[in-house]
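Sequence lines set the chain letters: A, B, ... in the order given, protein chains first and strands last, and positions in each chain run from 1.
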Number of protein chains: 2
Amino acid sequence: MAVENQELRKAGLKVTLPRVKILQILESTGETTQHMSAEDVYRALLEAGEDVGLATVYRVLTQFETAGLVTRHNFETGHSVFEIARGEHHDHMVCLDSGDVVEFNDPVIEQRQREIAEHHGFEIVDHSLVLYVRKLKR
Amino acid sequence: MAVENQELRKAGLKVTLPRVKILQILESTGETTQHMSAEDVYRALLEAGEDVGLATVYRVLTQFETAGLVTRHNFETGHSVFEIARGEHHDHMVCLDSGDVVEFNDPVIEQRQREIAEHHGFEIVDHSLVLYVRKLKR
DNA sequence: GTGAGTGCAAAACATTTGCAAAAAT
DNA sequence: ATTTTTGCAAATGTTTTGCACTCAC
């Protein structure tokens, strides 16, 4: 009984094989594959020999998102990608050449966003900042 | 022959009724309806008595985007929205209560983004910043 | 006239849902 | 035993595409 079980219980979700497996997959992805689509997760399950339906993958990912275990991103790709929520917020830089995703967090920008929202009579509930970049030739 | 025709020709697109009409609709939308989905445009066409197919709306909007006449946004809504490109870049604040979209442009954030990208060995090609906000109760 | 543009219906995706079977507590 | 969860297939919503027809030049 691994750590995953505790996380699931804490989130109020029953410990089932699909949920444990999906959580493991999301947690085990390396730096380069941190952001997986539902389809990616589904294929990873099949490769691992687990017989889980794609519909279940979608359901579980949505439950994880609701539970705060996972963050959903809608980049310009036409489909959602998911990543394990590790507490601290961060933004993304997506390299248009390599597809690499770099995470960053800048206090200056964060602060400025709050000021701008407030200036317009709003408070920020959430935000999404994605830089689409290209490698600098030197 | 209105201004639209010139814009279309300049973009290398033949002047056809659907293209002119769609351009007019996008240009004529008030502050509140600046961001229209393909479906929105389609309905506006029908209301104006124009018999244009939804597929054509999609095709034309994509052509406009390629030509730089229009900007496509993918907010968290599950479908794309389009707005007339007026040259200057701006970011968006979307009110989760009312659905209102406020545009803003902050030099501090813009500058900071470039610095961050450069610091990671990248140059920014494009970026997307959306603040999801709620009205401040006072 | 000829090639680009259009409408329609069908296809293609990503995602969701209904329901009976299976599993968790 | 009961309540959740799952798998499958079918439905959904958005966007794209194939093709015969039409229009702009």
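- For residues 52-69 of chain B, proximity to DNA chain C is found at Val52(B), Gly53(B), Ala55(B), Thr56(B), Arg59(B), defined as any non-hydrogen atom under 4.0 angstrom from a strand atom.
- In this structure, the CG atom of Asp40(A) is 13 Å from the C1' atom of dA14(C), given to the nearest Å.
- Under 4.0 Å is where a charged nitrogen must lie from a carboxylate oxygen, and between Arg86(B) and Glu27(B) no such pair does.
- Counted within 6.0 Å of CD on Glu118(B), heavy atoms from surrounding residues, nucleotides or ligands total 12 or fewer; the atom is thus considered open.
- Of all non-hydrogen atoms in Val20(A) and Asn5(A), the two that sit nearest each other are CG2-OD1, 4.0 Å.
- By the side-chain hydrogen bond (donor to acceptor under 3.5 Å, both in side chains) test, Asn74(B) pairs with Glu76(A), Ser80(B), sequence neighbours left out.
- Within the structure, salt bridge (Lys or Arg N to Asp or Glu O under 4.0 Å) pairs that include any residue of residues 37-50 of chain A comprise Lys21(A)-Glu50(A), Glu39(A)-Arg43(A), Asp40(A)-Arg43(A) (at least two apart or interchain).
- Residue Arg19(A) is the one, among Arg19(A) and Ser37(B), whose nearest nucleotide of DNA chain D lies closer to the 5' end (criterion: closest heavy atom).
- Note that CG of Leu26(A) is 9.5 Å distant from CG of Leu69(A), once rounded to the nearest 0.5 Å.
- Rounding to whole angstrom units, CG of residue Asp51(A) and P of dA22(C) are separated by 13 Å.
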Detail all sub-3.5 Å separations between protein N/O atoms and N/O atoms belonging to nucleotides 23-25 of chain C.
none

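- Using cut-offs of 30° and 60° on the angle between ring planes, the pair His35(B) and Phe75(B) is tilted.
- For DNA chain D, the contact window with chain A, defined by any atom under 4.0 Å from a protein heavy atom, covers dT3(D) to dA9(D) in 5' to 3' order.
- When the C1' atoms of four end pairs are superposed on the next four at each end of the helix from dG1(C)-dC25(D) to dT25(C)-dA1(D), using five pairs per end, the two resulting axes differ in direction by 30°, to 10°.
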(message) Could you walk me through whether Glu110(B) and Arg112(A) satisfy the salt bridge (charged side-chain N to carboxylate O under 4.0 Å, His left out) test, starting with their C-alpha distance in whole Å, then the side-chain angles of each, then the deciding distance to 0.1 Å, before giving a yes or no?
(response) CA-CA 11 Å; Glu110(B) 300 290 322; Arg112(A) 204 81 184 102; over 6 Å; no
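- Classification of Glu7(B) and Lys10(B) as a salt-bridged pair fails, no side-chain N sitting under 4.0 Å from a carboxylate O.
- Taking the six-membered ring where the residue is Trp, His90(B) and His73(B) present tilted rings, their angle falling between 30° and 60°.
- Of all heavy-atom pairs between Tyr132(A) and His127(B), the closest is CD1-CA, 4.1 Å.
- Here the closest heavy-atom approach between residue Thr56(A) and residue Pro18(A) is recorded as CG2-CB, 4.0 Å.
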(request) Kindly indicate, with the supporting measurements, whether the criterion side-chain hydrogen bond (donor to acceptor under 3.5 Å, both in side chains) is fulfilled by Gln6(B) and Arg9(B). (result) CA-CA 5 Å; Gln6(B) 303 312 317; Arg9(B) 271 189 243 278; 4.7 Å; no
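- Regarding Glu50(A), its CD atom lies at a distance of 18 Å from the P atom of dA22(C), rounded to whole Å.
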